[in-house]
Amino acid sequence: MTTIYAKCISRRGWLRWTLILSAAAAFPGRAWAAVARPKEAFSATALDEALAALGDAPQVHEGIQFMTPDIAENGAVVPIRIQVDSEVLPNVSKVSVLVEMNPNPLAASFDIPPGTEVYIETRVKVAQTCTLYAVAEADGQLYMQSRETKVTLGGCGG
Amino acid sequence: MAGRIRIRAQKKGDITEVKALMRHPMETGMRKDQAGDPIPAHFITEVSVFHGDQPVMQGHWGAAVSANPFLGVRFAGGKSGDIVRVVWTDNQGGTGEGDTTIR
C-alpha cells in the first residue's frame, strides 16, 4: 500500500517538473525576466530613491536623445522616444524612463542586448507638469538626459 | 486572459523597425471606481521582443506605462521573412503574445 502511494507522488512530482521545464523552455524570456527586474527602483516613491536604486549618480550626456512633447494635452498618453548614438555613447545595456512627479517615478526600464539599436518608443502616464528623465547605463556608469513636459490634463485619469 | 498584440516589423536598410500595440488596461491600483472602491492594479510588468529565438529587447514596466501600450524598437541583422515575436506578462499572471514576419 505504501509503495503504491509513494509511486503516485513521485509520478505526479515528475509530471509537474516536466510541465515547469517545458514552460521554461518555451518562454525563455520569462525566466530571464524574473532575474532582471529592478524591483527596488520600481517601488521607490521619490525620484532620488529611484535613481539611487538604479545605480550611482548619473551624469548628463549629450549622446542621449530624449524626445517628449513640450506640452501634453493628455497626461495619460505621453509619447516618448529615447535614442542613443552608439558612436557617441557606446555599450549601452539598459535604458530607463523616470517621471519626476509620478507616485512611483520609474515608469519603465529596458534591457538592451548587443546588436539592438538603443532606440525605444513608448507612451507613459505623467501625473502633472514635471521633468522626465531618460537614464542610460553603459559599462556600469549611468548617464541621463532630461526634458520638461507641461501637462494640461493629469495622467491618473481619476 | 491572453491579449492579442498588433505587431509590425519593417526592414529599413540594415535595421528592422518593430512596432507593437498591446491591448491592456494598465490599471495603476490608485484609481477608484464610481462607487468609490479602489480598482485593483493590473498592468504589464514584463515585455520581451524576440527575433527568432534571440531576445532583442527585454522591458520591465511599471503602472505608469499608458493603457493599450505602444512599443517601438529597432535591431540590426533581421532578414525579410524572419519571425519577430512580442510576449508580455502582467501582475495578475495574464499573458499576451503576437508575432509577425519582417517585411
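These figures come from a predicted structure and were not determined experimentally. The sequence lines fix the lettering, A, B, ..., with proteins before strands; numbering per chain opens at 1.
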Could you look at Thr45(B) and say if it's the side chain, the backbone, both or neither that has a heavy atom under 4.5 Å from chain A? both

When you group the ILVMFWY residues by side-chain heavy-atom contacts below 4.5 Å and let the links chain together, are Met101(A) and Val99(A) in the same group? no

Under a 4.5 Å cut-off applied to non-hydrogen side-chain atoms, are Gln145(A) and Glu62(A) in contact? yes

Of all of Ser109(A), Pro105(A), Ala108(A), Pro38(A), which one pairs up most often with chain B through heavy atoms under 4.5 Å apart? Ser109(A)

Who wins among Gly115(A), Ser96(A), Ser43(A) for the most heavy-atom pairs under 4.5 Å with chain B? Gly115(A)

Using non-hydrogen atoms only, which part of Val97(A) is less than 4.5 Å away from chain B: side chain, backbone, both, or neither? neither

Verify the cluster assignment for Val49(B) and Tyr119(A): are they in a single hydrophobic cluster under the rule of side-chain heavy atoms below 4.5 Å apart? no

side-chain contact (heavy atoms from CB on, under 4.5 Å) with Asn68(B): which of Arg23(B), Met26(B), Arg6(B)? Arg23(B)

Measure distances from Ile44(B) to the heavy atoms of chain A and classify the residue's part below 4.5 Å as side chain, backbone, both or neither. neither

Under 4.5 Å to a heavy atom of chain A? For Ile15(B) that would be side chain

If I compare all heavy atoms of Ala53(A) with all of Glu40(A), which pair ends up nearest, and what's the gap? CB-C, 4.1 Å

Using non-hydrogen atoms and a 4.5 Å limit, figure out which bit of Ala67(B) sits close to chain A: side chain, backbone, both or neither. backbone

Residue selection (most heavy-atom pairs with chain A, distance under 4.5 Å) from Ala64(B), Gly62(B), Gly77(B), Ser66(B): Ser66(B)

Run through the side-chain heavy atoms of Ile, Leu, Val, Met, Phe, Trp and Tyr, join any pair under 4.5 Å, and report what else lands in Leu142(A)'s cluster. Phe42(A), Leu47(A), Leu51(A), Leu54(A), Val60(A), Leu98(A), Leu106(A), Tyr133(A), Val135(A), Met144(A)

